[in-house]
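Indexing begins at 1, ligand by ligand and atom by atom, following the structure's order. From a predicted model like this one, the values you see are computed outputs, not experimental measurements. The analysis underlying the following values was restricted to heavy atoms, covering all of them including side chains, and did not include hydrogens, waters or symmetry mates.
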Amino acid sequence: MSKALIVQWIEYKLAELKIEVRLLLRAHMKTPIENIPGIGNAYQKRLKKLKIRTLGDFLYNFPRDYKDFSKISKIKNIKINEINSIAGKIVSIEEEKSSRKKMSLVKCLIEDDTASIEVIWFNQPYILKSLKVGDEVMLSGKISINRYSVQMTSPAFEKISLKENIHTGRIVPIYSETKGITSKWIRYVLRTILDKIKSRIPETLPEEIIKKYNLLTLSEAIEKIHFPDKTEDVVQAQRRFVFEQLFLISLLNLKKRDELRKEEAPSIPINLPVIKRFINSLPFNLTPAQKKCSWQAMKDMERSFPMNRLLQGDVGSGKTVVSAIAAINTVKAKKQVVLMAPTEILTKQHFKTFFELLKNFNINIGLLTGKEDIYYSKKLKSDTIEISRKKLLEKTEKGEIDILIGTQALITQTKTKENKVKFNNLGLIIIDEQHRFGVKQRATLSPKNKIAHLLSMTATPIPRTLTLTIWGDLDLSIIDTLPKGRKKIETEIIENESKAYSLIKKEIKKGRQAFVICPRIESDEESPLKSVIDEHEKLSKVVFPDLKIEMLHGKMKPKEKEKIMKDFKNKKFDILVSTSVVEVGIDIPNATVMMIEGADRFGLAQLHQFRGRVGRGKNQSYCFLLTESKSKTTIERMKAMTKYDSGFKLSEIDLRLRGPGDFLGKRQWGMPDFVMSSLNNLEIIREARSASEDVYPVSNERLKKRLEAFEEKLHLE
Ligand code: ADP
Ligand code: MG
């Protein structure tokens with residue numbers, strides 16, 4: 001080695017040492033990877049591709065899988081066709097060029113005190129640089145047998161040293177890799193880092209919580225998730241991380257709930273005589289669940305802080321009546337009500353229902369529609385009348401409109417000042433099928449210095465565990481039984497369409513209508529999935545040339561979509577071919593067949609929603625699920641559809657089989673996959689909740705900061 005090189009080498013080592021000292025003294029989760037010894041420039045770039053920018057990112061880059069190489073056998077006892085781990089000495093090692101040109105073959109003979117075995121690596125000539133005759137090594141890999149001998153092929157390897165082994169002979173972590181970053185490299189660097197800083201990883205959970213709930217400390221958990229000694233270590237480490245995430249979410253929920261409780265709301269007394277009269281005026285008896293939920297809402301509204309309640313119930317379970325009870329009670333206390341739904345058709349549907357239900361109660365109801373600037377208002381008893389928007393807004397502002405119905409956009413996002421909806425004395429906000437409605441939005445509609453009560457309704461069946469977590473700041477009312485006398489929708493899994501087509505034909509002859517759902521809008525050569533456009537053409541030209549068929553999908557303009565739905569409702573055509581856009585609550589009682597192509601592509605909750613589009617009238621209805629997939633999970637999921645008609649039950653099955661993605665969409669809530677998949681574990685969710693109650697209100701400064709950071713991260717996502 002030349003002098004210059006030696007100098008350079010010494011300088012380099014000194015620099016490395018400096019960084020190492022710095023790291024030892026001041027390592028924290030935000031230390032940039034540039035300051036971590038052993039990670040060169042090229043690696044820094046590649047790590048950034050994996051979104052690893054800091055020491056914390058590196059430590060929290062959890063394995064995506066593990067390989068269990070933990071059973072070390074004597075060479076004499078190895079098992080053919082299985083993964084084995086062996087330890088021994090290299091007797092010989094050399095490269096052999098195979099007959100086919102460029103293929104390199106490293107052949108090696110290993111012996112221990114019982115026997116020897118041949119080991120070969122394909123196309124890894126660099127192995128010769130790290131392994132030499134006489135080296136003690138550990139190898140983990142598959143044993144195969146060929147014509148001549150028993151061989152271990154392309155095993156993971158490492159030299160046995162005083163340090164603990166990390167690549168072989170144990171449970172070995174596997175990471176998401178990118179070009180130039182292998183699991184082996186990550187393991188090596190991680191081991192080095194952990195050896196240096198493990199004892200100084202600051203704990204993020206309060207000590208009493210760790211004790212009470214029997215959790216691993218952060219430092220133990222990080223060690224064990226990367227380098228477990230046994231499978232149970234992984235379980236324990238994951239439990240700690242899951243717990244922590246759920247604990248933080250739960251704390252945030254408590255905080256949100258508390259903040260709302262400090263607000264003032266118009267207190268609304270329960271007007272029993274009116275409620276009784278209303279219930280007696282209904283053409284049916286309320287179900288016990290409806291009674292319970294109405295009561296819960298009214299009890300909430302009696303208080304002087306705002307109600308924040310989620311009313312969950314399957315399609316057709318009768319949520320509207322519950323909201324009408326809350327509404328009438330509010331109006332009789334001389335406060336206004338606003339009801340918002342996602343589409344204009346739905347608002348019209350609600351208007352009609354409220355109009356019918358409240359006919360004899362001397363209540364004014366207004367409907368804001370977007371399109372033709374037509375507004376109705378009604379001093380009830382007979383029929384609706386149209387009034388101008390200007391008049392309707394004036395009446396609303398004066399408090400003459402008791403219940404105003406419209407889409408959220410119409411009510412909250414009106415552009416010009418004169419078009420802005422102002423209430424005189426808003427007491428209750430009801431929203432249908434939109435889970436979130438921010439406190440700020442509530443405040444702008446509410447009377448000065450007050451926040452109106454909120455009743456949010458959804459037919460999306462969300463498993464209870466998820467509701468507790470993601471919507472944990474809301475109080476829950478659940479309608480878990482359907483009104484009596486509903487006919488079960490006959491559901492069948494079929495492999496080809498013929499059976500469904502012949503039933504559709506028969507039903508349409510009887511004057512009914514049918515839905516056909518497809519997973520795609522347009523077809524794609526690479527995808528076997530049925531598309532709306534193709535199916536529409538096939539059905540109208542080939543299968544049912546004499547029927548009237550229309551289509552609906554997300555690429556159409558809102559106006560076109562509304563028109564199609566309206567026409568379908570008015571029986572202007574027989575079959576609607578649609579993508580999943582048809583999902584949200586439209587009522588077409590005359591439709592009796594729901595046929596779903598590529599049914600395995602949809603979540604069970606979603607399939608259940610589709611199915612809920614039929615069976616809304618008095619006629620027997622049918623649902624056909626088409627799937628060619630023979631996968632076990634698919635079959636289990638489809639069978640669940642034929643077996644259960646409760647959306648909650650189905651959503652729980654789907655959560656178990658497919659994880660929470662269907663419910664949460666792409667949003668990850670800052671959680672790694674294993675946290676997401678633990679969202680069906682009621683026990684840990686309960687524990688984390690109770691832990692959050694233990695420490696709330698948070699006084700621990702560090703936890704407070706952590707919570708703030710966590711909240712910010714959620715907002716950024
Ligand atoms: P959803 O919960 O899907 O909004 P709706 O409120 O639209 O359900 O109710 C569906 C239908 O069931 C309506 O026609 C409604 O009049 C009817 N309904 C509601 N409650 C009862 C009941 N207790 N008994 C019988 N029918 C009911
Ligand atoms: Mg509804």
Could you point out which residue of Gln296, Gln312, Lys319, Lys292 forms a side-chain hydrogen bond (donor to acceptor under 3.5 Å, both in side chains) with Ser477?
-> Gln296
Run the salt-bridge test on Asp654 and Arg637 with the 4.0 Å N-O cut-off and return the result as yes or no.
-> yes
Is Lys639 salt-bridged to Glu636, going by a charged N under 4.0 Å from an acidic O?
-> no
Below 4.5 Å, heavy atoms only, C-beta onward: do Ile270 and Lys299 meet side chain to side chain?
-> yes
Assess whether side-chain contact (heavy atoms from CB on, under 4.5 Å) is satisfied between Ile588 and Val614, documenting all intermediate values.
-> CA-CA 7 Å; Ile588 299 179; Val614 296; over 6 Å; no
Ion pair present between Glu492 and Lys499, side-chain N to carboxylate O less than 4.0 angstrom?
-> yes
Return the protein residues near ligand 1 (heavy atom under 4.0 Å from any of its atoms), ordered by chain and residue number.
-> Phe284, Asn285, Leu286, Thr287, Gln290, Asp314, Val315, Gly316, Ser317, Gly318, Lys319, Thr320, Pro483, Arg486, Arg616
